[in-house]
Amino acid sequence: MSEPCTIEEHLERVLGGVRPMTPVPQPLLETLGLVCAEDVVATIALPSFDNSAMDGYAVRHADVASATAGQPVRLPVVGEIGAGQATVRRVEPGTVAKIMTGAPIPEGADAVVPYEWTDRGADVVRIDEPPEPGQHVRPAGGDVAVGDVLVEEGTVLGPRQIGVLASVGRATVMARPRPRVVVVSTGAELRDPGEELGPDSIYDGNSFMLAAAVLRAGAVPVRVGIVGDEPDAFLQALEPHLEGADLVVTSGGVSQGDYDVVKEALRREGVWFGPVAMQPGKPQGFGMVGPGKTPIVTVPGNSVSAYVSFEMFVLPAIRTLMGHTPVTRPTVEARLTRSVHSPEGRRQLLRGRAGTDERGRYVEPVGGSASHLIGALAQADCLVVVPEQTTSVDADERVQVLLLDEDF
Ligand code: AMP
Ligand code: MG
């Protein structure tokens with residue numbers, strides 16, 4: 001076996017094979033979590049017309065300025081304006097119009113008297129208190145002016161950005177699309193959840209975990225499911241999914257065993273396979289397959305290895321395709337609650353649970369270092385990074401931690 005490369009070297013290899021996808025116009029609601037690929041400029045003002053902030057009466061301020069509870073002003077009501085009903089276009093001096101929140105202020109009116117300051121009269125209204133000039137009127141352009149940049153290129157679109165885009169009438173926005181990521185599990189021993197389990201079989205946890213991780217990353221998983229350990233069958237199962245795929249992730253079949261199907265099938269396609277100086281996840285592979293040269297990341301089958309490999313290599317590839325930065329998850333510092341050991345020459349990514357106490361952020365190791373411990377993985381919410389040259393870390397020492405459920 002060749003000398004292991006570093007995580008960074010393998011990541012560079014993977015990222016060398018993926019490029020940000022071309023932005024296309026996308027229906028607004030489908031852009032949640034996508035990177036906006038245009039400076040979106042307002043083509044209408046918000047509000048787009050002067051409108052009422054209260055249910056009450058649209059008045060001319062001068063007509064009601066003298067009103068007090070002791071000496072109220074009584075004025076005829078010339079009509080009623082609901083939201084979406086420009087029924088009264090103008091109020092003449094000495095008249096008012098009933099108006100609802102969001103309804104257009106009629107010409108001539110310059111303030112709204114809320115119901116609470118009146119007797120709610122229908123034909124004639126008694127006004128006990130005057131508004132300030134302009135009070136309870138939401139002026140046109142008071143929020144957004146025509147030409148304002150509402151969302152800058154590069155912004156990750158969230159509910160608030162989608163909200164303002166819809167509010168200025170945008171039905172679509174330019175964004176990089178969600179990559180389609182094909183997920184394949186290999187292994188003659190694998191069965192789908194719900195199937196009968198034999199004495200020598202196990203359930204395929206990985207393709208579900210990886211497909212869920214793809215979805216969480218904002219991409220579209222295409223779960224091919226289980227493929228056995230014959231190279232030709234593997235290639236046949238993969239082939240129909242390559243067209244239209246932006247990335248392929250396989251699990252299993254990349255180490256030194258007799259049935260390492262992925263390695264056997266893809267080595268002839270020029271895919272690189274080799275060890276990476278990490279634990280878990282030492283055997284890795286990356287290359288370009290099929291007529292469209294689709295990038296393929298091959299991760300080992302042990303569940304923790306598969307998950308950690310996803311974090312280290314697949315997630316950055318997906319983020320690159322989507323135009324997200326940074327592509328790798330930032331680390332935070334935490335205090336280790338108990339000592340751990342780590343092999344020399346490999347960066348260890350231990351499972352942990354992070355929390356905070358009066359001394360700041362801490363991390364508690366969860367489970368052992370073995371790479372099949374999916375039960376412990378499911379209890380964990382972070383990875384503890386133990387550098388290559390570090391063979392042990394004592395309790396209370398500070399370590400770098402990757403918080404797995406955090407957005408970045
Ligand atoms: P492999 O990388 O194919 O040599 O598999 C390494 C270990 O991971 C073996 O114990 C496999 O049974 C197990 N394994 C492989 N694929 C999966 C999977 N999809 N889900 C759960 N365990 C798996
Ligand atoms: Mg296998």
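Being a predicted model, the structure only gives us computed values, none of them experimental. Position 1 is the first residue of the sequence; numbering continues from there. Whatever order the structure lists them in is the order used to number ligands and atoms, beginning at 1. The analysis underlying the following values was restricted to heavy atoms, covering all of them including side chains, and did not include hydrogens, waters or symmetry mates.
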Exercise. Do NZ/NE/NH1/NH2 and the carboxylate oxygens of R180 and D246 come within less than 4.0 Å?
Worked result: no
For this session: Report the residue from R347, Q348, E388 that forms a side-chain hydrogen bond (donor to acceptor under 3.5 Å, both in side chains) with S342.
Result: Q348
Exercise. For atom 17 (C) of ligand 1, what's the nearest protein heavy atom and its distance?
Worked result: N206 ND2, 3.4 Å
Exercise. For E397, what residues pass the salt bridge (charged side-chain N to carboxylate O under 4.0 Å, His left out) criterion, not counting sequence neighbours?
Worked result: none
Problem set entry | For V164, all residues meeting side chain to side chain contact (heavy atoms under 4.5 Å, CB included), sequence neighbours excluded | L46, L150, V151
Exercise. Do other residues, nucleotides or ligands put more than 12 heavy atoms under 6.0 Å from F208 CZ?
Worked result: yes
Problem set entry | Aromatic F408 / basic R319 pairing, under 6.0 angstrom, 45° off normal | yes
Problem set entry | Heavy atoms from other residues, nucleotides or ligands near CZ of R398 exceed 12 (cutoff 6.0 Å) | yes
Problem set entry | Y203: numbered ligand 1 atoms lying under 4.0 Å from its heavy atoms | 20 (N), 21 (C)
Seminar exercise, completed: ligand 1 atoms nearer than 4.0 angstrom to some heavy atom of S185 are 19 (N)
Seminar exercise, completed: heavy-atom search around atom 14 (N) of ligand 1 in the protein gives G301 O, 3.3 Å
Exercise. Heavy atom of T186 under 4.0 Å from ligand 1?
Worked result: yes
Exercise. Which of the atoms of ligand 1 are close to S255, meaning less than 4.0 Å from one of its heavy atoms?
Worked result: 4 (O)
For this session: Report, in ascending order of atom number, the atoms of ligand 1 lying under 4.0 Å from any heavy atom of I202.
Result: 12 (O), 21 (C), 22 (N), 23 (C)
For this session: List the closest protein heavy-atom neighbour of atom 19 (N) of ligand 1: residue, atom name, distance to the nearest 0.1 Å.
Result: D204 OD1, 2.8 Å
For this session: Look at D260 together with R267 and state whether they make a salt bridge at an N to O cut-off of under 4.0 Å.
Result: no
For this session: Look at ligand 1 and say whether S303 reaches it with a heavy atom at a distance under 4.0 Å.
Result: yes
Exercise. Is G205 close to ligand 1, meaning an N/O of one under 3.5 Å from an N/O of the other?
Worked result: yes
For this session: Do me a favour and list the nearest non-hydrogen protein atom to atom 7 (C) of ligand 1 with residue, atom name and distance?
Result: N302 OD1, 3.3 Å
Seminar exercise, completed: Among non-hydrogen protein atoms, atom 3 (O) of ligand 1 lies closest to G253 N, 2.9 Å
Problem set entry | Salt-bridge contact D55-R120 (side-chain N to carboxylate O under 4.0 Å) | no
For this session: Please write down residue, atom name and distance for the protein heavy atom closest to atom 11 (C) of ligand 1.
Result: E189 OE2, 3.1 Å
Exercise. Would Y259 count as a contact of ligand 1 if the rule is a heavy atom under 4.0 Å away?
Worked result: no
Problem set entry | Single hit among T101, D50, N51, D143 for side-chain hydrogen bond (donor to acceptor under 3.5 Å, both in side chains) with R138 | N51
Seminar exercise, completed: Within the 4.0 Å heavy-atom cut-off, what L190 brings close to ligand 1 is side chain
